[in-house]
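Below is one structure, written out as structure tokens; the observations come after it.
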Amino acid sequence: MSPLHLSFYSAFTLSCLGLAFHRTHLISALLCLESMMLSMYVALAMWPIQTQTPSSTLMPILMLAFSACEAATGLALLVASTRTHGSDHLHNFNLLQC
């Protein structure tokens, strides 16, 4: 395994572990999701270079667009939940109540 692959896998794994274990604030969960998307974007951007194939630039651009939409939606939910519940602590949210 090359050091480049190891860095992509470790960045994705660490962000998954951060999402799984540090779930106190909504903003930390959003940051972990963004780091997962960033590691996937860099891996998709470097994949044609590693495999010596012609450049396919559409997939990383689509991934970046979906990542921006996910970030905007997450921040909108963060602002809405902070205004209604007073904080961004995840233990304040009850998914059974609508």
**Asked** Considering residues at least two apart in sequence or located in another chain, which fulfil the side-chain contact (heavy atoms from CB on, under 4.5 Å) criterion with L78?
**Response** L26, I27, L30, L75, T82, D88
**Message:** Just verifying a value: how many Å separate F12 CZ and S7 OG, rounded to the nearest 0.5 Å?
**Reply:** 14.0 Å
**Prompt:** Are M63 and M59 connected in a single hydrophobic cluster, I mean Ile/Leu/Val/Met/Phe/Trp/Tyr linked by side-chain heavy atoms less than 4.5 Å apart?
**Reply:** yes
**Prompt:** Got a donor-acceptor contact below 3.5 angstrom from the T73 side chain to the E70 backbone?
**Reply:** no
**Item:** Cluster companions of V79 among Ile, Leu, Val, Met, Phe, Trp, Tyr (side-chain spacing under 4.5 Å)
**Value:** none
**Message:** Is there a path of hydrophobic side-chain contacts, each under 4.5 Å between heavy atoms, that joins L38 and L31?
**Reply:** no
**Asked** Can you name the residues that form a side-chain contact (heavy atoms from CB on, under 4.5 Å) with Y9, not counting sequence neighbours?
**Response** M1, H5
**Prompt:** With F8, which residues qualify under side-chain contact (heavy atoms from CB on, under 4.5 Å), at least two apart?
**Reply:** L4, V42, A43, M46
**Message:** Does anything in residues 28-80 form a ring pair (Phe, Tyr, Trp, His ring centres under 6.0 Å)? List the pairs, not counting sequence neighbours.
**Reply:** none
**Request:** Using side-chain contact (heavy atoms from CB on, under 4.5 Å) as the criterion, list what pairs up with L19, not counting sequence neighbours.
**Result:** A29, C32, L33, M36
